[in-house]
Amino acid sequence: MASRILSTLQNVSSSSTSSFVSTTKQRCLGLCCLWRRSLSGTGASAAADIEPSKPPVQIEHNQLLIDGLFVDAASGKTFPTNDPRTGDTIANVAEADVEDVNRAVRAARKAFDEGPWPRMTAYERSRIILRCADILEKHNDEVAAIETWDNGKPYEQAAKVEIPMVVRLFRYYAGWADKIHGLTVPADGPYHVQTLHEPIGVAGQIVPWNFPLLIFSWKVAPALACGNTVVMKTAEQTPLSAIYVSKLFHEAGLPPGVLNVISGFGPTAGAALCSHMDVDKLAFTGSSQTGRRVLELSARSNLKPVTLELGGKSPFIVCKDADIDAAVEAAHSALFFNQGQCCCAGSRTFVHESIYDEFVEKAKARATKRVVGDPFKSGVEQGPQIDFAQFEKILKYIKSGIESGATLESGGQRVGSKGYYIEPTVFSNVQGSRGGDKKGQCNSLWPGCWSLYSEYRHCQYLDAGIASWNSMDQLL
């Protein structure tokens, strides 16, 4: 069989969770399915008004949260966080640097070494975390509005799916707090052998911009449940929701110094946190390139253990006996969900040659129907990209697709005259690359794209599709 490829390109996420972590995949895929159900019956149309509406929330906090108090950066510096709908500044946020990281780590260390958090009963910790979940649930709409304003994701997605998931996750880990047990181990001879699980200490955590609060919760909730203290560095693109939620958690009774939140940039605040000799554990979600740097800085300092969730490309195989309409909808959502800014986006989809042409036409039609517009408006499926850098990168990939000889079936243009909106874009006749042709591969397997391959190569079986996928070099 001849090999043919369809590529639907939407966006690139340089900071996203690892597609190699199965639990993270399940969370993101579940989130995508919930969002699809919440939009069912909306009657989406292709064009939406991009005139921005006024967000239903005010930004009250833009400082660093250290030792339970909002403080300015030691340098007095700030940086803008922008509205991706317009490019305008929402607020100027305190810009943390080395001294601010030192202050936050000192506060977390003191809270761990001398404070009540690791010493109170696990049941007491559980009750405080449950109160954090309760107060967050009361402020669901405000938090969702901040998330949408700073990130550009649809408000309905944030309010109906993501923030409720954050609440549920904190309640889940609150339940684990008093169920973490060691073991008594049989031994030869008159010996008593047991294991004891204890909190590790100060946890440094760095989160990306694509799911600011969801990934915040995945990191903070288990660390707190185990009795650790936290220094969290937010993504510079999306610092606002974590600041606000952390303030709510202190209102719920979280002791000072247990959760510290700093905003700033990777080469300064992020590097200082990774290199700090008094941080006992690191957790990072982001690009593979930055993940390597995180490991390096850990190794050069105190060899602190590191947990990494890094960017990847996920396969999606459509067999010849598939329900094509269902497969198109699933593959469409797998890529375009959250403006395509998702670590486990189904960006490489293998389609059996016998159904390829029909799949192309239906994928094109579905992309044309997708509602792009102001994310605060009801029924909008897709908001703007996170910032100008990502917006510009996507447009360059679209240009690369055209220059490489692919057929532009639909989309490919900016939507409106302001903000970072891009049409859902479909390419067909994309030439795939196998083996060592790195230049050809970069032209056809764009990072962050939905690439559909009729790639079974003289074999009709599922194993051939898997083999085709595994034979490709993966761009991480």
Is any side-chain N of the basic residue among [X] and [Y] closer than 4.0 Å to the acidic one's carboxylate O?
| X | Y | value |
| --- | --- | --- |
| D100 | R103 | yes |
| K369 | E329 | no |
| R171 | D134 | yes |
| K247 | E251 | yes |
| R109 | E114 | no |
| R293 | E296 | yes |

Verify whether one side chain among [X] and [Y] offers a donor that lies under 3.5 Å from an acceptor in the other.
| X | Y | result |
| --- | --- | --- |
| S241 | E147 | yes |
| H276 | N102 | yes |
| S378 | E156 | yes |
| K219 | T285 | yes |
| S75 | D97 | no |

Please check if the side chain of [X] supplies one atom and the backbone of [Y] the other of a donor-acceptor pair under 3.5 Å.
| X | Y | result |
| --- | --- | --- |
| D374 | P52 | no |
| T290 | G286 | no |
| N228 | A223 | yes |
| E381 | V371 | yes |
| R131 | A252 | yes |
| R127 | A174 | no |
| N210 | Q341 | yes |
| T229 | A111 | no |
| D150 | L240 | yes |
| Q385 | Q390 | no |

Between H61 and F70, how do the two ring planes meet: parallel, tilted or perpendicular, split at 30° and 60°? parallel

Does the plane of the ring in Y172 sit parallel, tilted or perpendicular to the ring in W176? Use 30° and 60° as the thresholds. perpendicular

Heavy-atom pair with the smallest gap, counting every atom of [X] and [Y]:
| X | Y | result |
| --- | --- | --- |
| D83 | W149 | OD2-NE1, 3.3 Å |
| A177 | A122 | O-CB, 3.1 Å |
| V261 | S246 | CG2-OG, 3.1 Å |
| L310 | G291 | CD2-CA, 3.9 Å |
| H192 | T184 | CE1-CG2, 4.2 Å |

Pair F170 + F249: ring centers closer than 6.0 Å: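 Ring-ring flag for F170/F249: true, centres closer than 6.0 Å.
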
Would you say the ring centroid of F79 lies under 6.0 angstrom from that of F265? yes

Evaluate side chain to side chain donor-acceptor pair (under 3.5 Å) for E142 paired with Y244, printing each intermediate quantity in order. CA-CA 10 Å; E142 296 167 54; Y244 184 75; 2.5 Å; yes

Would I324 and V328 count as a side-chain contact (heavy atoms from CB on, under 4.5 Å) if you check the C-alpha gap in whole Å, the side-chain angles of each, and the deciding distance to 0.1 Å? CA-CA 6 Å; I324 296 180; V328 167; 4.1 Å; yes

Does the pair I422 and L395 meet the rule for a side-chain contact (heavy atoms from CB on, under 4.5 Å), with working shown? CA-CA 8 Å; I422 298 178; L395 292 178; 4.1 Å; yes

Within a reach of under 6.0 Å around CZ of R168, are more than 12 heavy atoms found that belong to other residues, nucleotides or ligands?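 No, because the 6.0 Å sphere around CZ of R168 holds 12 heavy atoms or fewer from other groups.
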
Assess whether side chain to side chain donor-acceptor pair (under 3.5 Å) is satisfied between W209 and N151, documenting all intermediate values. CA-CA 7 Å; W209 46 259; N151 174 274; over 6 Å; no

Could you give me the CA-CA distance, side-chain angles and deciding distance for D178 and S126, then say whether side chain to side chain donor-acceptor pair (under 3.5 Å) is met? CA-CA 7 Å; D178 59 357; S126 174; 5.4 Å; no

